[in-house]
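Read the numbers this way: they start at 1 and go in the same order the structure lists the ligands and their atoms.
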Amino acid sequence: MMTTQTLTSYQQILETLGIADKPGGFAIGSRYEEGNGPRITTVSPIDGVSIKEVGSARVEEVAEAIDAAVEAFYAWRTVPAPVRGELVRRYGDKLRQNKQALGALVTLEVGKIPAEAEGEVQEMIDICDFAVGLSRQLYGLAIQSERPEHRLTEQWHPLGPIGVISAFNFPVAVWAWNAALALVCGDPVVWKPSEKAPLCALACHHLLQEVIDDFEQAPDGLIVLVNGGREVGQAVAASKKLPLISATGSIPMGRAVGQTVAARLGRSLLELGGNNAMIVTPSADLDLALRAITFAAVGTTGQRCTTLRRLIVHDTVKADLLNRLKTAFSTIKIGDPREDGVLVGPLIDEGAATMMEDALNRAREQGGVVTGGERVTEGVPGGAYVRPALVEIAHDAEVVHTETFAPILYVLNYEDFDEALAVQNEVPQGLSSAIFTNNIIEAERFCGPSGSDCGIANVNIGTSGAEIGGAFGGEKETGGGRESGSDAWKNYMRRSTNTINYGTALPLAQGITFDV
Ligand code: NAD
(Lines give C-alpha, C1' and ligand atoms only; values in the text may rest on other atoms or scores of the structure.)
Protein backbone atom coordinates (compact mmCIF):
# COMPACT_ATOMS: atom_id res chain seq x y z
CA MET A 1 0.00 0.00 0.00
CA MET A 2 1.34 3.46 -0.93
CA THR A 3 1.60 5.79 2.03
CA THR A 4 2.17 9.51 2.07
CA GLN A 5 3.93 9.42 5.44
CA THR A 6 7.33 7.86 5.76
CA LEU A 7 6.91 7.05 9.43
CA THR A 8 4.63 4.07 9.32
CA SER A 9 5.41 1.88 12.30
CA TYR A 10 3.82 2.87 15.59
CA GLN A 11 7.03 2.23 17.47
CA GLN A 12 9.07 4.33 15.03
CA ILE A 13 6.74 7.32 15.50
CA LEU A 14 6.83 7.08 19.29
CA GLU A 15 10.62 6.71 19.26
CA THR A 16 11.13 9.67 16.91
CA LEU A 17 9.05 11.80 19.26
CA GLY A 18 10.97 10.52 22.31
CA ILE A 19 7.95 9.04 24.11
CA ALA A 20 8.29 5.30 23.45
CA ASP A 21 9.53 4.66 26.99
CA LYS A 22 7.70 7.47 28.81
CA PRO A 23 4.97 6.51 31.25
CA GLY A 24 1.99 8.65 30.34
CA GLY A 25 -0.27 8.85 33.41
CA PHE A 26 0.82 12.31 34.40
CA ALA A 27 3.84 14.54 33.98
CA ILE A 28 4.99 17.39 36.16
CA GLY A 29 7.51 19.17 33.98
CA SER A 30 10.37 16.71 33.45
CA ARG A 31 8.96 14.13 35.88
CA TYR A 32 6.94 11.47 34.09
CA GLU A 33 4.77 9.15 36.18
CA GLU A 34 2.62 6.11 35.50
CA GLY A 35 -0.17 7.38 37.77
CA ASN A 36 -2.44 5.28 39.94
CA GLY A 37 -5.64 5.85 37.97
CA PRO A 38 -7.19 3.30 35.58
CA ARG A 39 -5.02 2.33 32.62
CA ILE A 40 -5.93 3.62 29.16
CA THR A 41 -5.33 1.49 26.08
CA THR A 42 -4.85 3.72 23.07
CA VAL A 43 -6.29 2.15 19.96
CA SER A 44 -5.70 3.50 16.48
CA PRO A 45 -9.03 4.23 14.74
CA ILE A 46 -7.31 3.30 11.46
CA ASP A 47 -7.24 -0.43 12.14
CA GLY A 48 -8.35 -0.93 15.74
CA VAL A 49 -4.85 -2.06 16.73
CA SER A 50 -3.66 -1.08 20.19
CA ILE A 51 -0.72 1.36 20.09
CA LYS A 52 0.37 1.63 23.71
CA GLU A 53 -1.07 1.40 27.18
CA VAL A 54 -0.72 4.47 29.35
CA GLY A 55 -1.63 5.15 32.94
CA SER A 56 -3.83 7.95 34.22
CA ALA A 57 -3.80 10.29 37.18
CA ARG A 58 -5.79 9.91 40.39
CA VAL A 59 -7.44 12.94 41.93
CA GLU A 60 -4.66 13.38 44.54
CA GLU A 61 -2.06 13.21 41.75
CA VAL A 62 -3.97 15.95 39.92
CA ALA A 63 -3.71 18.07 43.09
CA GLU A 64 0.04 17.42 43.26
CA ALA A 65 0.46 18.47 39.63
CA ILE A 66 -1.56 21.65 40.18
CA ASP A 67 0.56 22.55 43.24
CA ALA A 68 3.69 22.27 41.07
CA ALA A 69 2.13 24.61 38.50
CA VAL A 70 1.31 27.12 41.26
CA GLU A 71 4.98 27.07 42.38
CA ALA A 72 6.11 27.55 38.79
CA PHE A 73 3.73 30.52 38.47
CA TYR A 74 5.51 32.43 41.25
CA ALA A 75 8.76 32.27 39.24
CA TRP A 76 7.39 32.60 35.70
CA ARG A 77 5.18 35.67 36.32
CA THR A 78 8.26 37.83 37.00
CA VAL A 79 10.17 36.75 33.87
CA PRO A 80 9.79 39.58 31.30
CA ALA A 81 7.16 38.80 28.69
CA PRO A 82 9.57 39.04 25.68
CA VAL A 83 11.79 36.45 27.42
CA ARG A 84 8.73 34.24 27.87
CA GLY A 85 8.14 34.80 24.14
CA GLU A 86 11.63 33.48 23.41
CA LEU A 87 10.65 30.15 25.02
CA VAL A 88 7.61 29.94 22.77
CA ARG A 89 9.72 30.89 19.74
CA ARG A 90 12.00 27.92 20.45
CA TYR A 91 8.99 25.65 20.82
CA GLY A 92 7.79 26.79 17.39
CA ASP A 93 11.19 25.76 15.97
CA LYS A 94 10.99 22.42 17.76
CA LEU A 95 7.59 21.83 16.18
CA ARG A 96 8.97 22.69 12.73
CA GLN A 97 11.62 19.98 13.22
CA ASN A 98 9.02 17.45 14.39
CA LYS A 99 6.12 18.40 12.15
CA GLN A 100 6.05 15.18 10.19
CA ALA A 101 6.46 12.91 13.21
CA LEU A 102 3.83 14.70 15.29
CA GLY A 103 1.51 14.75 12.27
CA ALA A 104 2.05 11.00 11.88
CA LEU A 105 1.04 10.50 15.52
CA VAL A 106 -2.13 12.58 15.02
CA THR A 107 -2.96 10.39 12.01
CA LEU A 108 -2.27 7.27 14.02
CA GLU A 109 -4.16 8.20 17.17
CA VAL A 110 -7.22 10.03 15.78
CA GLY A 111 -7.24 8.96 12.10
CA LYS A 112 -6.78 12.29 10.29
CA ILE A 113 -5.37 12.23 6.76
CA PRO A 114 -1.71 13.43 6.77
CA ALA A 115 -2.51 16.77 5.10
CA GLU A 116 -4.94 17.62 7.89
CA ALA A 117 -2.77 16.13 10.64
CA GLU A 118 0.27 18.15 9.55
CA GLY A 119 -2.03 21.13 9.06
CA GLU A 120 -2.90 20.83 12.72
CA VAL A 121 0.79 20.92 13.64
CA GLN A 122 1.18 23.94 11.36
CA GLU A 123 -1.56 25.60 13.38
CA MET A 124 0.57 25.04 16.49
CA ILE A 125 3.56 26.65 14.74
CA ASP A 126 1.42 29.59 13.62
CA ILE A 127 0.09 30.24 17.13
CA CYS A 128 3.66 30.12 18.47
CA ASP A 129 4.68 32.80 15.95
CA PHE A 130 1.63 34.86 16.88
CA ALA A 131 2.40 34.51 20.60
CA VAL A 132 6.04 35.53 20.14
CA GLY A 133 4.94 38.83 18.58
CA LEU A 134 2.29 39.21 21.24
CA SER A 135 4.89 38.89 23.98
CA ARG A 136 5.97 42.45 23.12
CA GLN A 137 2.42 43.76 22.74
CA LEU A 138 0.52 42.96 25.93
CA TYR A 139 -0.58 46.58 26.02
CA GLY A 140 -2.66 48.38 28.61
CA LEU A 141 -4.29 51.78 28.25
CA ALA A 142 -3.34 55.25 29.47
CA ILE A 143 -6.64 56.93 30.39
CA GLN A 144 -7.31 60.65 30.95
CA SER A 145 -7.92 61.28 34.64
CA GLU A 146 -10.63 63.72 35.76
CA ARG A 147 -8.38 64.81 38.65
CA PRO A 148 -5.41 67.21 38.36
CA GLU A 149 -1.93 65.71 38.63
CA HIS A 150 -3.24 62.17 38.43
CA ARG A 151 -2.43 59.41 36.01
CA LEU A 152 -4.88 56.61 35.28
CA THR A 153 -3.57 53.46 33.62
CA GLU A 154 -4.42 49.86 32.99
CA GLN A 155 -1.89 47.06 33.16
CA TRP A 156 -2.20 43.38 32.33
CA HIS A 157 -0.61 40.88 34.70
CA PRO A 158 -0.21 37.10 34.61
CA LEU A 159 -3.36 35.38 35.88
CA GLY A 160 -2.18 32.07 37.33
CA PRO A 161 -1.98 28.45 36.17
CA ILE A 162 -4.51 27.78 33.39
CA GLY A 163 -6.47 24.51 33.30
CA VAL A 164 -6.96 23.22 29.75
CA ILE A 165 -9.45 20.42 29.01
CA SER A 166 -9.36 19.34 25.38
CA ALA A 167 -11.32 17.19 22.91
CA PHE A 168 -10.10 14.27 20.79
CA ASN A 169 -10.57 15.87 17.40
CA PHE A 170 -7.87 18.54 17.71
CA PRO A 171 -5.53 16.58 19.95
CA VAL A 172 -2.54 18.92 19.59
CA ALA A 173 -3.66 22.33 18.24
CA VAL A 174 -6.25 23.27 20.88
CA TRP A 175 -3.76 22.83 23.70
CA ALA A 176 -1.17 24.81 21.71
CA TRP A 177 -3.64 27.67 21.17
CA ASN A 178 -4.02 27.89 24.91
CA ALA A 179 -0.47 27.06 25.93
CA ALA A 180 1.34 29.48 23.57
CA LEU A 181 -0.79 32.42 24.75
CA ALA A 182 -0.79 31.38 28.42
CA LEU A 183 3.00 31.02 28.47
CA VAL A 184 3.71 34.46 27.02
CA CYS A 185 1.09 35.90 29.36
CA GLY A 186 3.07 34.47 32.30
CA ASP A 187 0.88 31.47 33.16
CA PRO A 188 1.77 27.79 33.60
CA VAL A 189 -0.55 25.27 31.93
CA VAL A 190 -2.26 22.22 33.46
CA TRP A 191 -3.52 20.02 30.62
CA LYS A 192 -6.22 17.35 30.80
CA PRO A 193 -6.35 15.99 27.24
CA SER A 194 -8.95 13.67 25.75
CA GLU A 195 -8.70 10.10 26.99
CA LYS A 196 -8.90 9.17 23.28
CA ALA A 197 -5.61 10.92 22.48
CA PRO A 198 -3.21 10.62 25.46
CA LEU A 199 -0.17 9.92 23.26
CA CYS A 200 -0.51 13.13 21.25
CA ALA A 201 -0.63 14.95 24.59
CA LEU A 202 2.43 13.15 25.87
CA ALA A 203 4.35 14.03 22.69
CA CYS A 204 3.38 17.73 22.85
CA HIS A 205 4.36 17.86 26.52
CA HIS A 206 7.67 16.11 25.94
CA LEU A 207 8.69 18.32 23.00
CA LEU A 208 7.96 21.49 24.98
CA GLN A 209 9.58 20.12 28.12
CA GLU A 210 12.80 19.54 26.16
CA VAL A 211 12.78 23.24 25.27
CA ILE A 212 12.03 24.20 28.89
CA ASP A 213 14.89 21.99 30.13
CA ASP A 214 17.32 24.13 28.09
CA PHE A 215 15.79 27.44 29.09
CA GLU A 216 17.29 28.81 32.27
CA GLN A 217 14.46 31.14 33.29
CA ALA A 218 11.73 28.52 32.85
CA PRO A 219 10.84 26.69 36.09
CA ASP A 220 10.14 22.96 36.16
CA GLY A 221 6.39 22.50 36.53
CA LEU A 222 5.63 25.24 33.99
CA ILE A 223 3.67 22.65 32.06
CA VAL A 224 1.90 19.69 33.63
CA LEU A 225 -0.12 16.94 32.02
CA VAL A 226 -2.80 14.85 33.72
CA ASN A 227 -4.22 12.04 31.62
CA GLY A 228 -7.54 10.44 32.46
CA GLY A 229 -11.30 10.60 32.00
CA ARG A 230 -13.97 13.02 33.12
CA GLU A 231 -13.24 12.60 36.86
CA VAL A 232 -9.75 13.98 36.15
CA GLY A 233 -11.41 16.78 34.13
CA GLN A 234 -13.70 17.53 37.08
CA ALA A 235 -10.74 17.60 39.49
CA VAL A 236 -9.09 20.19 37.25
CA ALA A 237 -12.31 22.22 36.89
CA ALA A 238 -12.93 22.20 40.65
CA SER A 239 -9.47 23.39 41.68
CA LYS A 240 -9.55 26.88 43.20
CA LYS A 241 -5.87 27.16 42.33
CA LEU A 242 -6.71 27.45 38.62
CA PRO A 243 -8.28 30.87 37.99
CA LEU A 244 -9.23 30.02 34.39
CA ILE A 245 -10.46 26.76 32.91
CA SER A 246 -10.37 26.65 29.13
CA ALA A 247 -12.52 23.68 28.09
CA THR A 248 -13.09 22.39 24.56
CA GLY A 249 -15.58 19.62 23.85
CA SER A 250 -19.27 18.77 23.71
CA ILE A 251 -22.08 20.93 25.06
CA PRO A 252 -22.90 18.47 27.91
CA MET A 253 -19.23 18.61 28.96
CA GLY A 254 -19.30 22.42 28.89
CA ARG A 255 -22.46 22.49 30.96
CA ALA A 256 -20.84 20.25 33.61
CA VAL A 257 -17.47 22.03 33.63
CA GLY A 258 -19.07 25.49 33.45
CA GLN A 259 -21.20 24.75 36.53
CA THR A 260 -18.25 23.38 38.51
CA VAL A 261 -16.14 26.44 37.73
CA ALA A 262 -19.01 28.87 38.36
CA ALA A 263 -19.69 27.27 41.76
CA ARG A 264 -16.24 28.38 42.90
CA LEU A 265 -16.58 31.73 41.05
CA GLY A 266 -13.72 30.90 38.72
CA ARG A 267 -13.54 31.95 35.07
CA SER A 268 -14.25 29.58 32.24
CA LEU A 269 -13.57 29.82 28.51
CA LEU A 270 -15.88 27.37 26.80
CA GLU A 271 -15.40 26.13 23.23
CA LEU A 272 -18.27 23.70 22.66
CA GLY A 273 -20.25 22.01 19.92
CA GLY A 274 -21.50 23.67 16.75
CA ASN A 275 -24.28 23.13 14.23
CA ASN A 276 -22.82 25.09 11.38
CA ALA A 277 -24.80 26.18 8.35
CA MET A 278 -24.14 27.59 4.90
CA ILE A 279 -26.66 29.60 2.90
CA VAL A 280 -26.36 29.21 -0.89
CA THR A 281 -28.17 31.99 -2.74
CA PRO A 282 -29.24 32.21 -6.41
CA SER A 283 -26.21 34.37 -7.35
CA ALA A 284 -23.65 31.99 -5.78
CA ASP A 285 -20.73 30.59 -7.76
CA LEU A 286 -21.79 26.94 -7.55
CA ASP A 287 -18.40 25.51 -8.56
CA LEU A 288 -16.78 27.31 -5.66
CA ALA A 289 -19.64 26.42 -3.34
CA LEU A 290 -19.43 22.73 -4.26
CA ARG A 291 -15.75 22.51 -3.29
CA ALA A 292 -16.26 24.48 -0.09
CA ILE A 293 -19.28 22.39 0.94
CA THR A 294 -17.52 19.10 0.29
CA PHE A 295 -14.40 19.99 2.29
CA ALA A 296 -16.40 21.53 5.14
CA ALA A 297 -18.87 18.63 5.36
CA VAL A 298 -16.63 15.58 4.92
CA GLY A 299 -13.15 16.83 5.91
CA THR A 300 -11.87 15.21 9.13
CA THR A 301 -14.75 12.75 8.55
CA GLY A 302 -17.22 15.32 9.81
CA GLN A 303 -15.44 15.50 13.16
CA ARG A 304 -14.60 19.19 13.33
CA CYS A 305 -16.47 21.55 15.61
CA THR A 306 -16.81 23.75 12.50
CA THR A 307 -17.96 20.92 10.18
CA LEU A 308 -20.74 22.00 7.85
CA ARG A 309 -23.91 20.27 9.07
CA ARG A 310 -26.75 22.28 7.49
CA LEU A 311 -26.97 23.51 3.91
CA ILE A 312 -29.70 26.11 3.34
CA VAL A 313 -30.16 26.34 -0.43
CA HIS A 314 -32.39 28.61 -2.47
CA ASP A 315 -35.17 26.70 -4.25
CA THR A 316 -33.90 27.75 -7.70
CA VAL A 317 -30.44 26.19 -7.30
CA LYS A 318 -31.20 23.28 -4.97
CA ALA A 319 -31.73 20.51 -7.54
CA ASP A 320 -28.54 21.32 -9.47
CA LEU A 321 -26.38 21.64 -6.36
CA LEU A 322 -27.81 18.51 -4.75
CA ASN A 323 -27.10 16.43 -7.85
CA ARG A 324 -23.52 17.63 -7.95
CA LEU A 325 -23.10 16.94 -4.23
CA LYS A 326 -24.48 13.42 -4.61
CA THR A 327 -21.84 12.71 -7.26
CA ALA A 328 -19.04 14.22 -5.15
CA PHE A 329 -20.08 12.36 -1.97
CA SER A 330 -20.43 9.02 -3.78
CA THR A 331 -17.02 9.16 -5.44
CA ILE A 332 -14.91 10.50 -2.60
CA LYS A 333 -12.10 8.13 -1.60
CA ILE A 334 -12.62 6.62 1.85
CA GLY A 335 -10.06 4.43 3.59
CA ASP A 336 -6.77 4.21 5.47
CA PRO A 337 -5.87 7.89 5.87
CA ARG A 338 -2.22 7.14 5.08
CA GLU A 339 -3.10 5.90 1.62
CA ASP A 340 -2.63 8.30 -1.31
CA GLY A 341 -5.78 10.02 -2.49
CA VAL A 342 -7.86 9.22 0.60
CA LEU A 343 -9.89 12.22 1.76
CA VAL A 344 -12.07 10.56 4.38
CA GLY A 345 -10.47 8.43 7.07
CA PRO A 346 -12.16 6.55 9.92
CA LEU A 347 -14.48 7.84 12.60
CA ILE A 348 -12.81 7.92 16.01
CA ASP A 349 -14.47 4.69 17.22
CA GLU A 350 -17.46 2.33 16.99
CA GLY A 351 -19.43 4.60 19.33
CA ALA A 352 -19.22 7.41 16.77
CA ALA A 353 -20.43 5.07 13.99
CA THR A 354 -23.38 4.01 16.15
CA MET A 355 -24.27 7.66 16.83
CA MET A 356 -24.20 8.36 13.10
CA GLU A 357 -26.44 5.38 12.36
CA ASP A 358 -28.88 6.45 15.10
CA ALA A 359 -29.02 9.99 13.74
CA LEU A 360 -29.72 8.73 10.20
CA ASN A 361 -32.49 6.45 11.51
CA ARG A 362 -34.03 9.37 13.41
CA ALA A 363 -33.75 11.51 10.28
CA ARG A 364 -35.68 8.89 8.28
CA GLU A 365 -38.36 8.74 10.99
CA GLN A 366 -38.61 12.53 10.83
CA GLY A 367 -39.24 12.51 7.08
CA GLY A 368 -35.66 12.74 5.82
CA VAL A 369 -34.43 11.21 2.56
CA VAL A 370 -30.95 9.81 3.07
CA THR A 371 -28.27 9.31 0.39
CA GLY A 372 -25.07 7.57 1.48
CA GLY A 373 -24.19 7.14 5.15
CA GLU A 374 -23.51 3.40 4.90
CA ARG A 375 -20.63 1.55 6.58
CA VAL A 376 -17.59 0.94 4.35
CA THR A 377 -16.02 -2.44 5.01
CA GLU A 378 -14.31 -3.29 1.70
CA GLY A 379 -10.71 -2.18 1.17
CA VAL A 380 -10.30 -0.72 4.65
CA PRO A 381 -8.01 -2.07 7.39
CA GLY A 382 -10.70 -2.40 10.11
CA GLY A 383 -11.92 0.62 12.10
CA ALA A 384 -15.21 2.51 11.68
CA TYR A 385 -15.34 3.77 8.09
CA VAL A 386 -18.49 5.40 6.70
CA ARG A 387 -19.62 7.09 3.52
CA PRO A 388 -20.66 10.71 4.19
CA ALA A 389 -24.45 11.20 4.10
CA LEU A 390 -26.68 13.79 2.48
CA VAL A 391 -30.12 14.14 4.04
CA GLU A 392 -32.96 16.14 2.48
CA ILE A 393 -35.16 17.10 5.41
CA ALA A 394 -37.27 19.89 6.93
CA HIS A 395 -35.27 22.62 8.68
CA ASP A 396 -37.15 22.19 11.96
CA ALA A 397 -36.79 18.41 12.32
CA GLU A 398 -35.45 17.62 15.80
CA VAL A 399 -32.40 15.74 14.47
CA VAL A 400 -31.28 18.79 12.47
CA HIS A 401 -30.99 20.85 15.64
CA THR A 402 -28.57 18.41 17.31
CA GLU A 403 -24.85 18.09 16.64
CA THR A 404 -24.01 14.54 15.51
CA PHE A 405 -20.23 14.34 15.34
CA ALA A 406 -20.05 12.53 12.00
CA PRO A 407 -20.27 13.40 8.27
CA ILE A 408 -24.00 14.07 7.87
CA LEU A 409 -25.08 17.08 5.81
CA TYR A 410 -28.73 18.12 6.15
CA VAL A 411 -29.97 19.80 2.99
CA LEU A 412 -32.68 22.39 3.62
CA ASN A 413 -34.31 24.84 1.25
CA TYR A 414 -35.56 28.42 1.36
CA GLU A 415 -37.52 30.89 -0.70
CA ASP A 416 -36.66 34.33 0.63
CA PHE A 417 -33.53 35.64 2.28
CA ASP A 418 -35.09 36.53 5.66
CA GLU A 419 -36.32 32.96 5.91
CA ALA A 420 -32.78 31.68 5.22
CA LEU A 421 -31.37 33.86 7.99
CA ALA A 422 -34.06 32.69 10.41
CA VAL A 423 -33.28 29.03 9.62
CA GLN A 424 -29.53 29.68 9.99
CA ASN A 425 -30.09 31.14 13.47
CA GLU A 426 -32.83 28.85 14.81
CA VAL A 427 -30.54 26.19 16.36
CA PRO A 428 -29.21 26.39 19.94
CA GLN A 429 -25.55 26.31 18.86
CA GLY A 430 -23.71 29.34 17.41
CA LEU A 431 -20.20 28.50 16.23
CA SER A 432 -19.57 28.89 12.49
CA SER A 433 -21.61 29.95 9.47
CA ALA A 434 -21.14 30.89 5.83
CA ILE A 435 -22.94 32.34 2.87
CA PHE A 436 -22.21 31.83 -0.82
CA THR A 437 -23.47 34.82 -2.76
CA ASN A 438 -22.30 37.40 -5.26
CA ASN A 439 -24.94 39.83 -4.01
CA ILE A 440 -23.23 42.41 -1.80
CA ILE A 441 -26.40 43.28 0.09
CA GLU A 442 -26.97 39.65 1.09
CA ALA A 443 -23.31 39.28 2.07
CA GLU A 444 -23.33 42.42 4.22
CA ARG A 445 -26.66 41.57 5.80
CA PHE A 446 -25.32 38.11 6.68
CA CYS A 447 -22.30 39.65 8.44
CA GLY A 448 -24.29 42.49 10.02
CA PRO A 449 -26.09 42.77 13.38
CA SER A 450 -29.29 41.12 12.17
CA GLY A 451 -27.46 38.45 10.17
CA SER A 452 -25.70 35.31 11.36
CA ASP A 453 -25.69 35.01 15.17
CA CYS A 454 -22.53 32.86 15.16
CA GLY A 455 -19.02 33.66 16.37
CA ILE A 456 -17.76 33.03 12.82
CA ALA A 457 -19.59 34.34 9.74
CA ASN A 458 -17.85 33.78 6.38
CA VAL A 459 -18.59 34.91 2.84
CA ASN A 460 -17.73 32.68 -0.13
CA ILE A 461 -15.63 30.28 1.94
CA GLY A 462 -16.72 27.28 4.00
CA THR A 463 -17.43 27.04 7.72
CA SER A 464 -14.26 25.19 8.72
CA GLY A 465 -10.54 25.93 8.53
CA ALA A 466 -10.25 29.16 10.53
CA GLU A 467 -6.93 31.04 10.63
CA ILE A 468 -5.25 31.55 14.00
CA GLY A 469 -5.15 35.35 13.60
CA GLY A 470 -8.86 35.81 14.33
CA ALA A 471 -10.59 35.17 17.64
CA PHE A 472 -12.09 31.68 17.50
CA GLY A 473 -15.28 30.61 19.24
CA GLY A 474 -19.04 30.77 19.20
CA GLU A 475 -22.20 32.04 20.85
CA LYS A 476 -25.22 30.49 22.58
CA GLU A 477 -24.65 26.85 23.62
CA THR A 478 -21.24 26.89 21.92
CA GLY A 479 -20.22 28.63 25.14
CA GLY A 480 -19.21 32.20 24.26
CA GLY A 481 -15.45 31.65 24.66
CA ARG A 482 -12.83 33.09 22.31
CA GLU A 483 -9.32 31.76 21.92
CA SER A 484 -6.40 31.97 19.48
CA GLY A 485 -5.88 35.37 17.79
CA SER A 486 -7.18 38.95 18.05
CA ASP A 487 -7.39 39.98 21.72
CA ALA A 488 -8.12 36.47 23.07
CA TRP A 489 -4.91 36.82 25.13
CA LYS A 490 -6.84 39.00 27.58
CA ASN A 491 -8.52 35.83 28.88
CA TYR A 492 -5.17 34.66 30.23
CA MET A 493 -4.31 37.83 32.14
CA ARG A 494 -5.76 39.91 34.93
CA ARG A 495 -6.33 43.63 34.51
CA SER A 496 -5.11 46.09 37.10
CA THR A 497 -6.36 49.70 37.01
CA ASN A 498 -3.86 52.07 38.60
CA THR A 499 -4.54 55.66 39.71
CA ILE A 500 -1.34 57.55 40.56
CA ASN A 501 -1.43 60.89 42.35
CA TYR A 502 1.76 62.86 41.61
CA GLY A 503 0.47 66.11 43.21
CA THR A 504 0.29 67.37 46.78
CA ALA A 505 -3.52 67.58 47.11
CA LEU A 506 -6.03 64.77 47.48
CA PRO A 507 -8.93 65.57 45.12
CA LEU A 508 -11.72 62.99 45.15
CA ALA A 509 -13.50 61.72 42.09
CA GLN A 510 -16.98 63.04 41.19
CA GLY A 511 -16.04 66.35 42.92
CA ILE A 512 -16.78 64.95 46.39
CA THR A 513 -15.38 67.00 49.27
CA PHE A 514 -14.48 65.19 52.46
CA ASP A 515 -12.37 67.45 54.68
CA VAL A 516 -11.06 66.05 57.93
P1 NAD B 1 -16.19 15.44 25.04
O2 NAD B 1 -17.08 16.51 25.56
O3 NAD B 1 -16.66 14.05 25.12
O4 NAD B 1 -14.76 15.49 25.77
C5 NAD B 1 -13.97 16.65 25.75
C6 NAD B 1 -13.07 16.66 26.98
O7 NAD B 1 -13.85 16.90 28.13
C8 NAD B 1 -12.33 15.35 27.23
O9 NAD B 1 -11.05 15.64 27.70
C10 NAD B 1 -13.19 14.69 28.30
O11 NAD B 1 -12.48 13.78 29.10
C12 NAD B 1 -13.63 15.89 29.10
N13 NAD B 1 -14.91 15.72 29.81
C14 NAD B 1 -16.03 15.13 29.33
N15 NAD B 1 -17.02 15.23 30.24
C16 NAD B 1 -16.51 15.91 31.29
C17 NAD B 1 -17.05 16.32 32.54
N18 NAD B 1 -18.32 16.06 32.87
N19 NAD B 1 -16.25 17.00 33.39
C20 NAD B 1 -14.96 17.27 33.05
N21 NAD B 1 -14.39 16.90 31.89
C22 NAD B 1 -15.16 16.22 31.02
O23 NAD B 1 -15.87 15.84 23.52
P24 NAD B 1 -15.11 15.00 22.38
O25 NAD B 1 -15.98 13.88 21.94
O26 NAD B 1 -13.72 14.72 22.80
O27 NAD B 1 -15.03 16.11 21.23
C28 NAD B 1 -16.08 16.40 20.35
C29 NAD B 1 -16.87 17.61 20.79
O30 NAD B 1 -16.00 18.73 21.00
C31 NAD B 1 -17.85 18.07 19.73
O32 NAD B 1 -19.04 18.47 20.35
C33 NAD B 1 -17.14 19.26 19.08
O34 NAD B 1 -18.01 20.17 18.44
C35 NAD B 1 -16.48 19.86 20.28
N36 NAD B 1 -15.34 20.71 19.90
C37 NAD B 1 -15.50 22.07 19.99
C38 NAD B 1 -14.45 22.89 19.57
C39 NAD B 1 -14.59 24.38 19.62
O40 NAD B 1 -13.58 25.06 19.52
N41 NAD B 1 -15.79 24.95 19.77
C42 NAD B 1 -13.25 22.34 19.11
C43 NAD B 1 -13.14 20.96 19.06
C44 NAD B 1 -14.19 20.15 19.46
Could an N or O of ligand 1 be found under 3.5 Å from any N or O of [X], whether backbone or side chain?
| X | answer |
| --- | --- |
| Thr478 | no |
| Gly233 | no |
| Glu483 | no |
| Asn169 | no |
| Gln234 | yes |
| Arg304 | no |
| Phe472 | no |
| Lys196 | no |

At a 4.0 Å threshold, what atoms of ligand 1 neighbour a non-hydrogen atom of [X]?
| X | answer |
| --- | --- |
| Lys192 | 8 (C), 9 (O), 10 (C), 11 (O) |
| Ala256 | 18 (N) |
| Glu195 | 8 (C), 9 (O), 10 (C), 11 (O) |
| Ser194 | 9 (O) |
| Phe405 | 28 (C), 31 (C), 33 (C), 34 (O) |
| Pro193 | 9 (O) |

Quiz item: Phe170 and Trp177: ring-ring contact (aromatic ring centres under 6.0 Å, His included), yes or no, with the steps?
Solution: CA-CA 11 Å; Phe170 275 91; Trp177 289 0; 7.1 Å; no
Quiz item: Just by modelled atom types, is the Arg482 backbone N or O under 3.5 Å from a matching donor or acceptor in the Asn491 side chain?
Solution: yes
Quiz item: Does Ser166 offer a backbone N or O that forms a donor-acceptor pair with the side chain of Trp175 under 3.5 Å?
Solution: no
Quiz prompt | Minimum-distance pair of heavy atoms, taken over all atoms of Ala384 and Asp349 | solution = CB-O, 3.8 Å
What is the closest protein heavy atom to [atom], and at what distance does it sit?
| atom | value |
| --- | --- |
| atom 36 (N) of ligand 1 | Cys305 CB, 3.6 Å |
| atom 12 (C) of ligand 1 | Ile165 CG2, 3.8 Å |
| atom 24 (P) of ligand 1 | Phe168 CD2, 3.7 Å |
| atom 13 (N) of ligand 1 | Met253 CG, 3.4 Å |
| atom 35 (C) of ligand 1 | Gly249 O, 3.2 Å |
| atom 6 (C) of ligand 1 | Ser166 O, 3.3 Å |
| atom 1 (P) of ligand 1 | Ser250 OG, 3.7 Å |
| atom 34 (O) of ligand 1 | Glu403 OE2, 2.6 Å |

Exercise. Out of Leu272, Val164, Asn276, Ile456, indicate the one that has the non-hydrogen atom closest to atom 41 (N) of ligand 1.
Key: Leu272
Classify the side-chain pair [X]/[Y] by whether it contains a donor and acceptor separated by less than 3.5 Å.
| X | Y | answer |
| --- | --- | --- |
| Trp489 | Gln137 | no |
| Ser433 | Ser452 | yes |
| Glu116 | Thr300 | yes |
| Asn227 | Glu195 | no |

Do the side chains of [X] and [Y] get close enough for a salt bridge, i.e. N-O under 4.0 angstrom?
| X | Y | result |
| --- | --- | --- |
| Asp187 | Arg494 | no |
| Arg310 | Glu426 | no |
| Glu109 | Lys52 | no |
| Arg58 | Glu64 | no |

Quiz item: Quick check, are the ring centers of His395 and Tyr414 under 6.0 angstrom apart?
Solution: no
Exercise. Hey, could you give me each pair passing salt bridge (Lys or Arg N to Asp or Glu O under 4.0 Å) that has a residue in residues 220-241? Not counting sequence neighbours.
Key: Asp67-Lys241
Quiz item: Using heavy atoms and a threshold below 4.0 Å, how should the contact between Gln303 and ligand 1 be classified: side chain, backbone, both, or neither?
Solution: neither
Practice problem: Pick one of side chain, backbone, both or neither for how Ala237 approaches ligand 1, counting any non-hydrogen atom pair under 4.0 Å. | Solution: neither
Self-check item: Contact bool for atom 4 (O) of ligand 1 (protein heavy atom, d < 4.0 Å)
Solution: no
Self-check item: Test side chain to side chain donor-acceptor pair (under 3.5 Å) applied to Lys99 and Gln122, Glu120, Glu118, the passing residue
Solution: Gln122
